Each structure stands twice: as structure tokens, then as C-alpha cells.
> 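If you scroll down you'll find the structure; I have some questions about it.
Computed from a prediction, not measured in an experiment: that's the story for all the values here. Here is how names work: the chains are called A, B, and so on, in the same order as the sequence lines, proteins then strands, and each is numbered from 1.
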Protein chains: 2
Amino acid sequence: MARAERRRRTEEAILAAARRQFGEAGYERTSIRAVAAEAGIDPALVMQLFGNKESLYSAAAALGVELDVLKAATVDELAATAAAHLFAVFEDPGDRAGAEALLRSCLTHPAAGAALRDQVMAPTQAAVAETIGGDDGDLRAAVLNACTLGVTIARYLLRDPVLAAADRAALEAILQPALDAVIDPGRAAP
Amino acid sequence: MARAERRRRTEEAILAAARRQFGEAGYERTSIRAVAAEAGIDPALVMQLFGNKESLYSAAAALGVELDVLKAATVDELAATAAAHLFAVFEDPGDRAGAEALLRSCLTHPAAGAALRDQVMAPTQAAVAETIGGDDGDLRAAVLNACTLGVTIARYLLRDPVLAAADRAALEAILQPALDAVIDPGRAAP
DNA sequence: ATGCTCGGTCAACACGTGTAGAGTGAACCT
DNA sequence: AGGTTCACTCTACACGTGTTGACCGAGCAT
């Protein structure tokens, strides 16, 4: 087999195993040995390819926010867009693994917390705050973010029985009016 | 000094140090040696008094929910009561340390996650679902719980700059209508 | 064909961890 | 006052971890 292709495959195998384990058990409880075992290679190879555990984690954990879509939304669409985006990430198996890897450790691993705060929540809030407007737009954006974060965590990470079993439409039907209340799009109207 | 009193004090010193460190760094990154050092005693004494690390954590991590207050609330009071309770816990320095110790590790430590789910969220949801009523009362209660959890985590654990800096009244003013939208107290009215 | 590159393995180190057991000296009981 | 209890310390073990450097053999260029 070609060398380049072979390398790409094992690199991806390592990343997939890493995402799965980081996402399921968190940073601390995931060992390089276990990741290597799942990927079917030697632990030392992980080091050679990714440098150290921290870098492996950085490469594995990722939560992509589609800022463009969010920025394009009007005040009235905001709640629906935010809710839809949340589910979109967690229904795509590819995106989901990385997102879980990030969220799982966001409270216990400093780098994960910082990444979530600075690269996910802050930009989102900035975008949302702008379309919300008003002098408490920042705060409303932050609360909106916190609520979607809470639902995500409870449903996908904590696996609250009720929330995990609920279907997407029912959940959206309840969540969306709540997010709209946070945004309060009518507060500037006459 | 009296022996009993002395013991009580060191036990409390250990617990205080444990709560602080578990709450700040999480279960895995907190070592018995570090807790003992902060309490000014020998690591082995922690083992003698608490058995093992897991038991120490159980003794230190606690999030008390006042179910009676919650159950006594009417549908219209529910949102305000839930929000008020959230802040009450995190403003009492005594309660807060234990609550942080639980929440910090709820995503990465299985026992913490189970405790939060079974001993905090489930009873709360049951109580809230009953006063909400309707056939989707469970789901609404779960969403309400998830939102308050999200705000709590973002403000006190993740320390989102905007949320952490916001004052309680402003936050409540935004959060409460949102929770009310989740509850939707008017949906049965004519 | 030959010499180099590089994906991959093996064995080992250094370290921090949770935990166990023997020991000590002051507070307690009688 | 003397024997016992008990809070407390010291030392050490066993283990899993991240990480390293030497080594091997198939793919590549010439």
C-alpha cells in the first residue's frame, strides 16, 4: 500500500478512537494506551504522530459553530436557528464525536473549558448579541447560549432519561418559545 | 484539647479542603495528597477517616434541593422559585462548595453524573412535572431543569465572562420569562 | 539493485497516584 | 498512676501513566 495513504488511515483511526474515548470518558480517564489499542497500533506511534496527549486532544475535540448562518438570521429566526443548529451538530455522527469530546471535559480540563468559552461561546454570543441589539443584548445572548448548552449537556452528555428519549420536534417545540422569551424580540416595538 | 473535638475539626478541615479542590479541579485532578496538605495533615489520615477517595468525594460533593419549597409553588410561581433556588444555593458559601464539587465532575465522573441525575434532577423533575401537569409535563420539567443547569454551569463553573459579571437581578429578569415559556402556564386556559 | 526514508514496534524510564501496615505519643478511662 | 484507646505520622508497595530512544522492515528514489 502507498505510504501516504497508509499514514492517513492510521492517523484517522487514532483520531476516531481518541474522539470516541475522550467523548465517553473525558480527558483524564482516557489513556494513550487505550486509544492506541482501539486503533490497533502501538502507543508510541500516537506520540510520534501527535506529539503528546494534549495535542491529540486538541486535534480530536472540536465544536464547529456556523457563524455565518447565525449572523444571517433575523431576530425572529434566531431561536429556531439556534435550536436547529444544536441538533444538526449532534445528529451528524462525524461532528458529534468531536463535540462530545470537547463538552465532556469542558468543566474539568482547563484547555477544553477555555476552548469552549473563547472559540465557541464568545463568537456565538457576539453574533447573537448584535442581531438582538439593545443594551442588554450581550446578557440575553449569553443566557440563550447557556440554555442551549444546558439542554445539550443534559440530553447528550448527562443523558437525562426524559430528555434523551424525547424526539427532536417535541423538544424544539418547547425550547424555541423559551429561547424567544430570552431574545424578547418584541421589546423595542411600540 | 478534647479528642472528639479535635477529630471533628480535622474531619471538617479535610472536607473543606476536599470540597474546594474537587470543586475547582474535578475528581481526577484532585489528589488525596493535595487535600491532606491543604488540611495540614498526613495523607494516610484521610484514608483512615474516609476509607478511600471515592467515599471522600461522596462526603464532600452535595447539592441540596429544597423539594418542599418547589412542591409548594403554584404554576405561576414555579419559574421564580426555580430561579431563586438556583441563586440561593450558589450564594451560600457553605452550600456552594459542595455543589461545585458535584457539578464540576458530573460529566467526567460516573458517580457524580449518576448522583446529579438520580438525586437532584429526577426528584426535581418529578415535583415540577406534577405542578406543570399535562401530558408533556415531564418534558417541560426536564427542559426547565436543563436550562437552569446550563445557566448555573455557564455562570459559576465555566465562568462565562458576561454571565459571571451579570448581577443576579438582571439575570433573573431575563431567565424567568424564559422558564415561564417552558412551563407555559396559560396553555390550558380558554 | 542499493541506500535512504519513514511508518511502525519494543522495552524501558521516571513519576505520581491510591492505598496498606507498623509505629508513636497524648488523651482518656478506671 | 497505669493501661488502653485513638488521632496521627512514616515508610513503602504496586500500579498505571505519559513519554523516550533504539530498533526493524517495507516503500521509495536513484
Side-chain angles (χ1 to χ4, degrees), chain A residues 1-61 101 104-105 108-112 115, chain B residues 1-61 101 104-105 108-112 115:
Chain A
M1 193 190 303
R3 255 202 309 220
E5 181 61 15
R6 187 153 175 75
R7 173 178 179 145
R8 233 183 41 84
R9 285 198 197 179
T10 62
E11 224 163 25
E12 197 48 54
I14 293 173
L15 274 179
R19 271 190 282 260
R20 211 192 58 75
Q21 296 199 27
F22 281 136
E24 189 173 314
Y27 183 86
E28 311 288 345
R29 294 175 111 87
T30 296
S31 75
I32 289 196
R33 280 171 168 84
V35 170
E38 184 173 330
I41 48 119
D42 190 275
L45 184 54
V46 177
M47 300 302 295
Q48 191 180 138
L49 294 182
F50 291 90
N52 56 23
K53 189 183 179 182
E54 193 63 43
S55 306
L56 173 64
Y57 180 72
S58 298
R104 179 71 66 187
S105 297
T108 41
H109 191 63
Chain B
M1 195 191 302
R3 261 208 298 225
E5 181 61 15
R6 186 155 176 74
R7 172 177 181 146
R8 234 184 40 84
R9 285 197 196 179
T10 63
E11 224 162 25
E12 198 47 55
I14 293 173
L15 274 178
R19 271 191 281 260
R20 212 191 57 76
Q21 297 199 27
F22 281 135
E24 189 173 314
Y27 184 85
E28 311 288 345
R29 294 175 111 85
T30 295
S31 76
I32 290 196
R33 280 170 167 84
V35 170
E38 184 173 329
I41 48 120
D42 190 275
L45 183 54
V46 178
M47 301 303 295
Q48 191 181 137
L49 294 181
F50 291 90
N52 55 23
K53 189 182 179 182
E54 194 64 42
S55 306
L56 174 63
Y57 180 71
S58 298
R104 178 72 65 188
S105 298
T108 41
H109 190 63

> Nearest whole angstrom, please: distance from the P of D:dA7 to the CG of B:L45.
9 Å
> Rounded to the nearest angstrom, tell me the gap between atom CZ in B:R6 and atom C1' in C:dA26.
10 Å
> Dump every N/O contact between nucleotides 22-24 of chain D and the protein below 3.5 Å, one line per pair.
none

> Go through residues 30-40 of chain B and report each residue with a non-hydrogen atom lying under 4.0 Å from DNA chain C, sorted by number.
B:T30, B:S31, B:I32, B:R33
> A:R33: what forms a salt bridge (charged side-chain N to carboxylate O under 4.0 Å, His left out) with it, not counting sequence neighbours?
none
> Can you tell me how far P of C:dA12 sits from CG of A:D42, to the nearest Å?
14 Å
> Main chain of A:Y27, side chain of A:S105: is a donor-acceptor contact present, judged purely on distance under 3.5 Å?
yes
> To the closest 0.5 Å, what do you measure between CZ (A:R19) and CG (A:L56)?
10.0 Å
> May I ask you to test the A:V46-A:P43 pair for a side-chain heavy-atom distance under 4.5 Å?
no
> Between C:dT9, C:dG7, D:dC28, spot the one nearest the side chain of A:R7, thanks.
C:dG7
> Tell me: CZ of A:F50 to C1' of D:dT20, nearest whole Å?
18 Å
> Rounded to the nearest 0.5 Å, how far does CG of B:L49 lie from OG1 of B:T10?
5.5 Å
> Could you state the NZ-P distance from B:K53 to C:dT19, rounded to the nearest angstrom?
8 Å
> Round to a whole Å and report the spacing from CZ of A:R9 to C1' of C:dG8.
16 Å
> Hey, does the side chain of B:T10 come within less than 4.0 Å of D:dA7's phosphate (OP1/OP2), counting only N and O?
no
> For residues 45-57 of chain B, which residue pairs qualify under salt bridge (Lys or Arg N to Asp or Glu O under 4.0 Å), counting only residues two or more places apart or in two chains?
none
> Please name all residues satisfying side chain to side chain donor-acceptor pair (under 3.5 Å) with A:E24, sequence neighbours left out, ordered by chain then number.
A:R20
> Apply side-chain contact (heavy atoms from CB on, under 4.5 Å) to A:L15 and A:E11, showing your working.
CA-CA 6 Å; A:L15 274 179; A:E11 224 163 25; 5.6 Å; no
> Charged N to carboxylate O below 4.0 Å: is that the case for B:R8 and B:E12?
no
> Tell me the interatomic distance from A:L49, atom CG, to C:dG8, atom P, rounded to whole angstroms.
7 Å
> A side-chain contact here means heavy atoms from C-beta on lying under 4.5 Å apart; do B:T30 and B:Y57 qualify?
no
> Expressed as a whole number of angstroms, how long is the span from A:E5:CD to D:dC28:P?
12 Å
> For the side chain of A:A44, counting heavy atoms from C-beta on, which of D:dT20, C:dC28, C:dT19 is nearest?
D:dT20
> Looking at residues 11-22 of chain B, who's got a heavy atom less than 4.0 Å off DNA chain C?
none
> How long is the gap from CG on B:L45 to CZ on B:R7, to the nearest 0.5 Å?
8.5 Å
> Give a yes/no answer on whether the side chain of B:R3 brings an N or O atom under 4.0 Å of OP1 or OP2 in D:dC6.
no
> Looking only at non-hydrogen atoms, find the nearest pair between B:A17 and B:A39 and report the distance.
CB-N, 4.3 Å
